[in-house]
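Below, chains carry the letters A, B, ... as their sequence lines are ordered, and counting in each starts from 1.
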Protein chains: 2
Amino acid sequence: MPIQKSKVTIFDVARASGVSSSAVSYALNGKSGVSDVTRDKVLKVAHELGWKPNGAAQALAKSKTQRVGLVLGYDPKLLSVEPYMMELISGLGAELEKYDYSLLVRMAVDENAKLAIIDDWIATGNVDAMLLVNVELGDPCVALLEEHEEMPVLAIADASVAGNLPSLSSADADAVRQAVRYLYDLGHRQIARVGGPESLAHSYIRDSAFADVASELGMRYRCLHTDYTPETGSEATKRLLSFPEHPTAIIYDNDVMALAGLGVAASQGIKVPEEISIMSWDDSFMCTAAYPNLTAMGRDVVDTGKQAAGLLLKLIDGERVGHLMEGPYELRARASTGPAPAEEKMR
Amino acid sequence: MPIQKSKVTIFDVARASGVSSSAVSYALNGKSGVSDVTRDKVLKVAHELGWKPNGAAQALAKSKTQRVGLVLGYDPKLLSVEPYMMELISGLGAELEKYDYSLLVRMAVDENAKLAIIDDWIATGNVDAMLLVNVELGDPCVALLEEHEEMPVLAIADASVAGNLPSLSSADADAVRQAVRYLYDLGHRQIARVGGPESLAHSYIRDSAFADVASELGMRYRCLHTDYTPETGSEATKRLLSFPEHPTAIIYDNDVMALAGLGVAASQGIKVPEEISIMSWDDSFMCTAAYPNLTAMGRDVVDTGKQAAGLLLKLIDGERVGHLMEGPYELRARASTGPAPAEEKMR
DNA sequence: TTGTAGGCGTTATCAC
DNA sequence: GTGATAACGCCTACAA
């Protein structure tokens, strides 16, 4: 029964196995400098006693905490309205686990709190590296971290806003092309986008990519901004539908808004996809639960998390990492999109 | 410019302010034993140098990590399909932040991994306390933690499955009564529940509460189990609707399944709420984005997280905590529920 | 191969 | 009020 109430130290193990504390340390860290016989004995005794190195002591001695930090902006609604963050955390956590790393999470009420937390981690050494998410245009966090090369960081952001920091960006530009082309091929010539907050870098990036591709293909394009909630999504939809020549397809920046769009159409008796096509950016259970099932641009966020974990570990090991791109989006065509209505096609 | 590349220690502060390191420690921890003049000087110098205590050293000396642990079961779909966990984390993190505590998160691939992580935390002292979530019936984690009183734990679970551990439980029984009564008053006499996995304690608890209240009111009640995904939710709905005398109201254990239920009804041309009422357990953006808006039993999960944080801090301080209950559910009546169809009422 | 001793950065106990 | 000094538990040269 390896259950011990009081904490057992390396000295206890040393005494019980009749060797010195350093022998124990060597044995348990798999380092040479100790005979196989002793090693086995020490390992056995350590196991029997239920010994594990004290985290704080180990961290102090090695100046390695085995922890990676993640600062989240405190906005429970934003965080929970999309599965994104939880999926990212899942992948991140699962991969870190393989290397005995843990995830240290803190909530920042605002931009200053976020900066303070980063400062804190740099000074206290409470994490070996950190992941920067939700980067905004001209984000001061980027500047702060650029000044502190001693803190390994990976930004989940487009290279254009990550500065000199290593980054992992989503294949947005490519996905926008894919999505717009898909609608174009279905005959749509007037499309709209219901985007997220303009302050977020990725909203901006998608905005311009959409505008570019649409104009390239000679399509009419318009974009409205929201705060990601279904209320603002509905509102935007109503506005779009109120225009005399309204779009024949709308792409929403998240699934909750796409669902709300579906609702607006239903309440106005507009048939989906016969009269209007609806498409969601980011796929989730919600898309397959909705009726009709929502066509979505999906990507494997869990995998992004895993990839990020791998990169962070590389950075901790001192390797250099540049600007990388996560796996491609996949267009998952479902029932909410279809050929553009005939009258529009003829135009 | 308080920016320092190399880490500054307490000795640097001591030297720069012409006192000893212990004076610095006293001054910075607000303890007596140092004159106000020295204290102010030390504080000033420390700030100028951008000094902050090294986390590992502090943890080692005080045997307090300022960290609270949370083990999540690795199932990205389950984690992200519901906003629950992210909301809990938000509240938890925000409250902990106020007391300079952080959240340490680890992912457990299975039950054994979960036990191993708990064991690890007990032995390494990497967290000051931990939160136990998703407790199952006869959960071995509960037993393990009961044996280790030295590790403060709070179980987010019904008192009946938390054993001797302090617990914070949801007001499920009361909410079930509220929900069933609501449907009863609308004239429903045949209701069904689409529940989550039977292994989860709270599924079981809701199951029996439903059965009790329904029989008490003389209603017909039946229950099907799922894995929380929309696919199994749809399937269950189809089965329920295939019965000759099918229920006039269905309550789903989460919103994604309720949404799927809405979809099944729409696809079969069954009108909601005229022909069938649909209700969701747990409210989220999805409920107000759906069409018709879903009636839901809502609760403030973020607040539960905050409450949990407060209790954990108490436990860390050595206070005793028993079995507590979180705030009540709120029935948020929306468009997806209505009077039972006439033919049913007459029966 | 083994053991001894010093260091990691703080805190806390002592004499002064 | 102040300043050495010993923990805290582990790692790792360096000696034996």
Scan for salt bridge (charged side-chain N to carboxylate O under 4.0 Å, His left out) pairs involving residues 315-326 of chain B, sequence neighbours excluded, and state none if there are none.
-> B/R299-B/E326
Of all pairs that satisfy salt bridge (charged side-chain N to carboxylate O under 4.0 Å, His left out), the ones with a partner from residues 11-24 of chain B, not counting sequence neighbours = B/D12-B/R15
Strictly under 3.5 Å: I want the nitrogen or oxygen pairs between protein and nucleotides 8-12 of chain C, one per line.
{"from": "C/dT10", "atom 1": "OP1", "to": "B/W51", "atom 2": "NE1", "distance (Å)": "3.0"}
{"from": "C/dT10", "atom 1": "OP1", "to": "B/N54", "atom 2": "N", "distance (Å)": "3.2"}
{"from": "C/dT10", "atom 1": "OP2", "to": "B/I10", "atom 2": "N", "distance (Å)": "2.7"}
{"from": "C/dT11", "atom 1": "OP1", "to": "B/N29", "atom 2": "ND2", "distance (Å)": "3.4"}
{"from": "C/dT11", "atom 1": "OP1", "to": "B/Q58", "atom 2": "NE2", "distance (Å)": "2.9"}
{"from": "C/dT11", "atom 1": "OP2", "to": "B/S25", "atom 2": "OG", "distance (Å)": "3.0"}
{"from": "C/dA12", "atom 1": "OP2", "to": "B/K31", "atom 2": "NZ", "distance (Å)": "3.0"}

Tell me, please, which residues at least two apart from [X] pass side chain to side chain donor-acceptor pair (under 3.5 Å).
X	result
A/R106	A/D120, B/E97
A/T9	none
A/S21	none

Sugar-phosphate, base or nothing in reach of B/S63, heavy atoms under 4.0 Å = nothing
Please output the side-chain donor-acceptor pairs of residues 157-169 of chain A that fall under 3.5 Å, not counting sequence neighbours, one pair per line with the distance.
{"from": "A/D158", "atom 1": "OD2", "to": "A/S160", "atom 2": "N", "distance (Å)": "3.0"}
{"from": "A/D158", "atom 1": "OD2", "to": "A/S160", "atom 2": "OG", "distance (Å)": "2.6"}
{"from": "A/S167", "atom 1": "OG", "to": "A/H323", "atom 2": "ND1", "distance (Å)": "2.6"}
{"from": "A/S169", "atom 1": "OG", "to": "A/L324", "atom 2": "O", "distance (Å)": "3.3"}

Sequence neighbours excluded, the answer for salt bridge (Lys or Arg N to Asp or Glu O under 4.0 Å) partners of A/K314 is none
Atom CZ of A/R15 and atom C1' of C/dG3: how far apart are they, to the nearest Å?
-> 16 Å
Global bending angle along the helix from C/dT1-D/dA16 to C/dC16-D/dG1, which compares the axes of five pairs at either end, to 10 degrees | 50°
Under 3.5 Å, side chain of A/D128 to main-chain N/O of A/V68, donor-acceptor pair present?
-> no
